[in-house]
J.: 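First the structure, which I've put down as structure tokens, then a few questions once you've had a look.
In this chain, numbering begins with 1 at the start of the sequence shown.
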Amino acid sequence: MIRFTRRTLLAAGSAALAAPSIGRAQDLQLAIATGTTGGVYYPLGGGLANILSRTIPGMSATVEVTGGSVANNQLLGAGRVGLIFSQVDACVDAVNGQDRFRGRPVKVRAIAVLYTNRMQVVTTASSGIQSITDMKGKRVSSGAPGSATEVMAFRLIEAAGLDRDKDFRARERLSPAESTNAVKDGKLDAYFFVSGVPTSAVTDLAASPGITIRLVDHADLVPKITAKHGPVYFPEVIPAGTYPGQTTDNQQMSVANILGVLDTMPDEQVTKILESTWNNRAELAQVHAEGRGFTMERQKTAAAGVPWHPAAEAFWKKQGATLA
């Protein structure tokens, strides 16, 4: 039976949620680090946990609510979870020991490339915000602590020529659901959130009576960001109509998502996880629309961003992926 928990980063250190073991079949345990409940990682993680628990004999997969990609890589490095959802940029920083991982690199390895995460800069028509620079002097949320949203938001703010600590009337560090509620209550003007689309928290805001959402364009800043941080980001479009009241396309910055494990996970374990997930991928698409992004075409080394786990590389080549 799978167990869903809602623990903080610190509480996630329970010994019962250690990285998976492959001793006896009945001892197989796998803690999966996802994200906040208002995003896409959490429901997809729940679907994945169901698949693995049902199809791998003796496995018990559990789902952890976390701050997001940065926290997930930290938990993985500490041996407190065995499998993570993560944006590629956070994994690259983890492997290289950069930014939040300075002095504490994590040997995370990709086992699958999933869907694209899209930076959504969310505000309302009444805020007067039409660009990132218009956010100066406003009340914003840069994302939950430990999230890749926060990493991308800081990079976007810097590229726009703003100071994240000085140029806002207030800068909160809220989850998307908390941010939506703060906007509704008139306590916040805008927020950043990186996720698949549609995101339930943004849909909630867009469907609120008396509110017209605006997604702020920022794709023009991508070249400046990639020049400094490498080619992990790329421009994409969130089509008009993705959210209630969204009448125009949103030109935004995206990054790929991966499933990651430590380089020490046994080959047999990785192969079982991939076989189970790939053979039952249609279930993930039923859990959330972004589950349809788990395709053979996405299994590319460049998209993965970090080295493949050897067993994953062998698995995808056997399936016919070129990986180049």
J.: Starting from the C-alpha separation in whole Å, work towards a yes-or-no answer on side-chain contact (heavy atoms from CB on, under 4.5 Å) for Val306 and Arg109.
T.: CA-CA 6 Å; Val306 296; Arg109 297 294 182 259; 5.7 Å; no
J.: Is a side-chain N or O of His218 found less than 3.5 angstrom from the main chain of Met253, in a donor-acceptor match?
T.: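 Answer holds: yes.
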J.: Rounded at 0.5 Å granularity, tell me how far CD1 in Ile84 sits from CG in Leu262.
T.: 8.0 Å
J.: Sequence neighbours left out, what pairs pass side chain to side chain donor-acceptor pair (under 3.5 Å) with at least one residue falling in residues 88-97?
T.: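 Those involving residues 88-97 are Gln87-Asp89, Asp89-Tyr233, Asp93-Arg155.
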J.: Can Leu174 be reached from Leu156 by stepping across I, L, V, M, F, W or Y side chains whose heavy atoms are under 4.5 Å apart?
T.: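 Not linked; separate clusters.
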J.: With rounding to the nearest 0.5 Å, note down the distance linking CD1 in Ile157 to CG in Leu221.
T.: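 Here the interatomic distance stands at 11.0 Å.
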J.: Is the number of heavy atoms from other residues, nucleotides or ligands within 6.0 Å of NZ (Lys136) greater than 12?
T.: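 No, because the 6.0 Å sphere around NZ of Lys136 holds 12 heavy atoms or fewer from other groups.
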J.: Using only heavy-atom distances, determine whether the side chains of Asn72 and Ser69 contain a donor-acceptor pair under 3.5 Å.
T.: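 No, no side-chain donor-acceptor pair sits under 3.5 Å.
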J.: Kindly indicate whether the side chain of Val95, heavy atoms from C-beta on, has any atom under 4.5 Å from the side chain of Val108.
T.: yes
J.: Decide whether Val255 and Leu215 are clustered together by the hydrophobic rule: side chain heavy atoms of Ile, Leu, Val, Met, Phe, Trp, Tyr closer than 4.5 Å, transitively.
T.: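 No: no chain of side-chain contacts under 4.5 Å links Val255 to Leu215.
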J.: The test is side-chain contact (heavy atoms from CB on, under 4.5 Å); show your working for Leu48 and Leu259 and say whether it passes.
T.: CA-CA 11 Å; Leu48 178 58; Leu259 289 177; 4.2 Å; yes
J.: Where the side chain of Gln246 meets the backbone of Ile238, is there a donor-acceptor pair that is under 3.5 Å apart?
T.: yes
J.: Of the non-hydrogen atoms in Gly67 and Ser147, which two are nearest, and what is the gap between them?
T.: O-CB, 3.0 Å
J.: What is the distance from atom OG1 of Thr62 to atom CD1 of Ile32, rounded to the nearest 0.5 Å?
T.: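 So the OG1 of Thr62 and the CD1 of Ile32 are separated by 7.0 Å.
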J.: Would Ile213 end up clustered with Ile132 when hydrophobic side chains under 4.5 Å apart are linked, directly or stepwise?
T.: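 No; Ile132 is not reachable from Ile213 via cluster members.
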J.: Check whether any side-chain N or O of Thr55 sits under 3.5 Å from a backbone N or O of Ser276 as a donor-acceptor pair, and report yes or no.
T.: no
J.: For a side-chain contact (heavy atoms from CB on, under 4.5 Å) check, start with the C-alpha distance between Thr226 and Phe234, then their side-chain angles and the critical distance, and finish with the verdict.
T.: CA-CA 8 Å; Thr226 56; Phe234 47 91; over 6 Å; no
J.: Is there a side-chain contact between Thr199 and Val122 (heavy atoms, below 4.5 Å)?
T.: no
J.: Given 3.5 Å as the limit, does a donor-acceptor pair link the side chain of Asp204 with the main chain of Ala201, or not?
T.: no
J.: Do Ile211 and Val216 sit in one hydrophobic cluster, given that two such residues count as connected whenever their side-chain heavy atoms are within less than 4.5 Å of each other, even indirectly?
T.: no
J.: With the side chain counted from C-beta on, respond yes when Leu30 and Ile273 share a heavy-atom pair under 4.5 Å apart, and no when they do not.
T.: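 Leu30 vs Ile273: side chains touch.
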J.: In a table with atom names and distances, give each donor-acceptor pair under 3.5 Å that connects a side chain of residues 185-194 to protein atoms at least two apart or in another chain.
T.:
residue : atom : partner : partner atom : Å
Asp189  : OD1  : Arg139  : NH2          : 3.0
Asp189  : OD2  : Arg139  : N            : 2.8
Asp189  : OD2  : Arg139  : NE           : 3.2
Tyr191  : OH   : Thr180  : OG1          : 2.8

J.: Determine, stepwise, if the pair Phe315 / Trp308 fulfils side-chain contact (heavy atoms from CB on, under 4.5 Å).
T.: CA-CA 11 Å; Phe315 175 84; Trp308 291 103; over 6 Å; no
J.: For the pair Glu158 and Lys228, find out whether any cationic side-chain nitrogen is under 4.0 Å from an anionic carboxylate oxygen.
T.: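 A salt bridge is present here (some side-chain N lies under 4.0 Å from a carboxylate O).
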J.: With no hydrogens and no angle check, is any side-chain donor or acceptor of Asn280 less than 3.5 Å from a backbone partner on Glu283?
T.: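 Flag not set: sc Asn280 to bb Glu283 has no pair under 3.5 Å.
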J.: State, to 0.1 Å, how close Val197 and His288 come at their nearest heavy-atom pair, and which atoms those are.
T.: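 Nearest pair, atom of Val197 first, then His288: O-CE1, 4.1 Å.
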J.: For Ala125, give me all partners under side-chain contact (heavy atoms from CB on, under 4.5 Å), at least two apart in sequence or on another chain.
T.: Thr212, Arg214
J.: Rounded to the nearest 0.5 Å, what separation is found between the OH atom of Tyr243 and the CG atom of Leu205?
T.: 10.5 Å
J.: Between Leu114 and Arg298, what is the shortest heavy-atom contact and its length?
T.: O-CD, 2.8 Å
J.: Below 4.5 Å, heavy atoms only, C-beta onward: do Arg171 and Asp165 meet side chain to side chain?
T.: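 The answer is yes; the side chains approach within 4.5 Å.
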J.: Measuring from atom CD1 of Ile56 to atom OG of Ser53, what distance do you get when rounded to the nearest 0.5 angstrom?
T.: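 So the gap between those two atoms works out to 8.5 Å.
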J.: Test Ser86 against every option in Asn257, Thr34, Asn117, Asn73 by the side-chain hydrogen bond (donor to acceptor under 3.5 Å, both in side chains) rule and name the one that passes.
T.: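 Answer to the side-chain hydrogen bond (donor to acceptor under 3.5 Å, both in side chains) test with Ser86 among Asn257, Thr34, Asn117, Asn73: Asn73.
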J.: Which atom pair, heavy atoms only, marks the closest approach of Arg100 to Arg104?
T.: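 Between these two residues, the closest heavy atoms are O-NH2, 3.9 Å.
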J.: Show the nearest heavy-atom pair for residues Val81 and Ala31, with the distance to one decimal.
T.: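 Of all heavy-atom pairs spanning Val81 and Ala31, the closest is CB-O, 3.5 Å.
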J.: Out of curiosity, Thr271 OG1 to His309 NE2, how far, rounded to the nearest 0.5 Å?
T.: 8.5 Å
J.: Does one hydrophobic cluster hold both Trp278 and Val113, with members joined at side-chain heavy-atom distances below 4.5 Å?
T.: yes
J.: Do Val202 and Gln120 have side chains that approach each other closer than 4.5 Å (heavy atoms only, starting at C-beta)?
T.: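 The answer is yes; the side chains approach within 4.5 Å.
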J.: Might you point out which heavy atoms bring Ser254 and Gln252 nearest each other, and give the distance in Å?
T.: OG-NE2, 3.1 Å
J.: Any non-hydrogen side-chain atom of Gln251 less than 4.5 Å from a side-chain atom of Asp220?
T.: no
J.: Do side-chain atoms of Gln98 reach the backbone of Ala94 as a donor and acceptor pair under 3.5 angstrom?
T.: no
J.: Can you tell if the side chain of Glu290 reaches within under 4.5 Å of the side chain of Thr116, non-hydrogen atoms only?
T.: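 A side-chain contact is absent here, since even the closest heavy-atom pair is not under 4.5 Å.
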J.: Any donor-acceptor pair under 3.5 Å linking the side chain of Trp316 with the backbone of Met296?
T.: no
J.: Would you say Asn250's side chain and Val237's backbone share a donor-acceptor pair under 3.5 angstrom?
T.: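 Absent.
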J.: Measure up the Phe85 and Tyr41 rings against each other and bin them: parallel (under 30°), tilted (30 to 60°), perpendicular (over 60°).
T.: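 Tilted: the ring planes of Phe85 and Tyr41 meet at 30° to 60°.
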